[in-house]
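Okay, structure first, notes after.
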There are 2 protein chains.
Amino acid sequence: MPRTRQTAHADHSRDRILHAAIREFSEHGLAGARTSAIASAARVNKALLYYYFRDKEALYAAALEEVAGKVADDALAVLGLDCSAGERVLRFALQHFDRIFSRHGFQSLMQQEMVRFRTGQSHAMRILAKKAFEPMWDRTLETVGDGIRSGELCNVDPMQMMYTALGANVFFFLSSPMVRLVTAIDPLDPAAVAGRRTAAIEYLGQTIFTDRKRGARLAKAVLAATPIPENAFPERKTA
Amino acid sequence: MPRTRQTAHADHSRDRILHAAIREFSEHGLAGARTSAIASAARVNKALLYYYFRDKEALYAAALEEVAGKVADDALAVLGLDCSAGERVLRFALQHFDRIFSRHGFQSLMQQEMVRFRTGQSHAMRILAKKAFEPMWDRTLETVGDGIRSGELCNVDPMQMMYTALGANVFFFLSSPMVRLVTAIDPLDPAAVAGRRTAAIEYLGQTIFTDRKRGARLAKAVLAATPIPENAFPERKTA
DNA sequence: TTAATTTAACTAACCAGTCAATCAATGCCT
DNA sequence: AGGCATTGATTGACTGGTTAGTTAAATTAA
């Protein structure tokens, strides 16, 4: 069907709502988010939210889906790269780090949803799992498996490997507010982030490859080839 | 001041409220928690909450403080044990794992608070940092430093070591709802938890000690000496 | 009696969600 | 071309239910 100028403009509104929602939900959670805040951030009347989305929860689900979709697309692109399995794993971990840094709202949303899901009140998550995480997961295990079979990677349980690799990334950002309060260091200072980024990937390189030298070399190469992305989703100034 | 039977009973009510609050807040967050739900879970009239606590936020702060205090006490006890620095670090990491498992509410509460703090709307956190986390943190760095100086532990940045060790624990539990949906495995099944617990500590033993054999041996010993605790805070049955 | 503890009943504010009305393109008819 | 109905997009004003927080009275222990 042909896009008229009107429906194009409408899409634009819908989009602004969705992105305002991602921000608001990631900062305040489902219960804490205010629909009026979303509307005004999107520069739109509150009733318009209900024109495009059934209710608050549907908007929340749409926000989650948008985020998960982007994450999965990015990840699949990296895992489909034309390089060795080991390098793909390194790039995957690096992308994971960079995403949490540059789009912290995404991570925040997912984390909150995990907690909500755990307490047995989330339906959205099932959809996300099928649509975004399952393909990503399968592809990751496949890649690690390839690496092990070819002898490039150490023969350890791929799942345990992922816990270590991704857990360190998540925890670094998760703990940063507390670390900033307790120590004199600000872990989110650009230099500190860059340092941790390098440390995490080099550490992974030295840990998962059978040939440690090669792992270290690859880690350095991947880091050199991948600049730190801009923070696309900066914290809002506190009023 | 002498404890009368009346004030003892009062403390009991206050205590029930506090623990009901920990549960409710950890499951629903500050905004999602309902004061009436807390009151009825504590088998108490809602007005009593406001007799003991100024308002919802004060109750939330008290819940956080209670949790952080317990965590810090437990941790300091382990770090003060009469054994080698390396063993203390292993025990510390194991205790961290066991705490997240057996008192998931604690972890959930802390995580939510980190997000809240990050968006610049938390005052409670500053108090926690000084009261609970700073002593714990100092003591941990001290212990790792001792281990390095005595040659027992590898000379790596203690902070990076902690990110790896604790991050893996947090991430294992954080990701479990998603893993359960995506794979056929339930990571929270007792056997799976026990497996991950062993893997995490043995991995740490093999990674941070200069003498890997000794690290592996110590890890096994510590695991053997520490039974998995009961889940003191089981998930509520979903209605 | 007195002071600490506990409650039933109430209120004020807030907030998700609705509705009727308006606005702006698009196409149609003559 | 110019009016005119149609359809989609958007809004201001409203409401009903929920929930944090209050109050004044009742209960209990010492």
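Reminder, nothing fancy here: chain letters follow the sequence lines and each chain counts from 1.
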May I have the distance from [X] (atom [atom1]) to [N] (atom [atom2]), rounded to whole angstrom?
| X | N | atom1 | atom2 | value |
| --- | --- | --- | --- | --- |
| A:Tyr51 | C:dC23 | OH | P | 17 Å |
| A:Arg14 | D:dG8 | CZ | P | 16 Å |
| A:Leu48 | C:dC19 | CG | P | 17 Å |
| A:Arg43 | D:dA9 | CZ | P | 19 Å |
| A:Tyr52 | C:dG17 | OH | P | 18 Å |
| A:Leu59 | C:dC15 | CG | P | 16 Å |
| B:His12 | C:dA4 | NE2 | P | 21 Å |
| A:Phe53 | C:dA16 | CZ | C1' | 16 Å |

Checklist entry - Taking only residues two or more places apart in sequence or in another chain, which ones pass ring pair (Phe, Tyr, Trp, His ring centres under 6.0 Å) with B:Tyr163? => result A:Phe172

Item to check | By ring pair (Phe, Tyr, Trp, His ring centres under 6.0 Å) - contacts of B:Phe101 (at least two apart) | outcome: none

Item to check | Residue pairs passing the side-chain hydrogen bond (donor to acceptor under 3.5 Å, both in side chains) test where at least one lies in residues 31-46 of chain B, sequence neighbours excluded | outcome: none

Item to check | Partner residues of A:Asp98 under the salt bridge (Lys or Arg N to Asp or Glu O under 4.0 Å) criterion, sequence neighbours left out | outcome: A:Arg197

Next on the checklist: Classify A:Ala58 by what it touches in the nucleic acid, base, sugar-phosphate, or nothing, heavy-atom distance under 4.0 Å.
Outcome noted: nothing

Next on the checklist: Under 4.0 Å, counting only non-hydrogen atoms across every strand here, what does B:Ala33 touch: a base, just sugar-phosphate, or nothing?
Outcome noted: sugar-phosphate

Next on the checklist: Once side chain to side chain donor-acceptor pair (under 3.5 Å) is applied, do any residues pair with B:Arg88, and if so which ones, sequence neighbours excluded?
Outcome noted: none

Checklist entry - Does B:Arg34 make a side-chain N or O approach to OP1 or OP2 of D:dT18 shorter than 4.0 Å? => result no

Item to check | Residue pair B:Arg99 / B:His104, side-chain donor-acceptor N/O under 3.5 Å | outcome: no

Would you tabulate the pairs of protein nitrogen or oxygen atoms and nucleotide nitrogen or oxygen atoms of nucleotides 21-25 of chain D closer than 3.5 angstrom?
from	atom 1	to	atom 2	distance (Å)
D:dG21	OP2	B:Tyr50	OH	3.2
D:dG21	OP2	B:Lys56	N	2.8
D:dG21	N7	B:Lys46	NZ	2.5
D:dG21	O6	B:Lys46	NZ	2.7

Next on the checklist: Using the rule given for side chain to side chain donor-acceptor pair (under 3.5 Å), can you reason through A:Glu113 versus A:Ser122, listing the C-alpha separation, both sets of side-chain angles and the distance that settles it, and then say yes or no?
Outcome noted: CA-CA 8 Å; A:Glu113 189 54 20; A:Ser122 167; 2.4 Å; yes

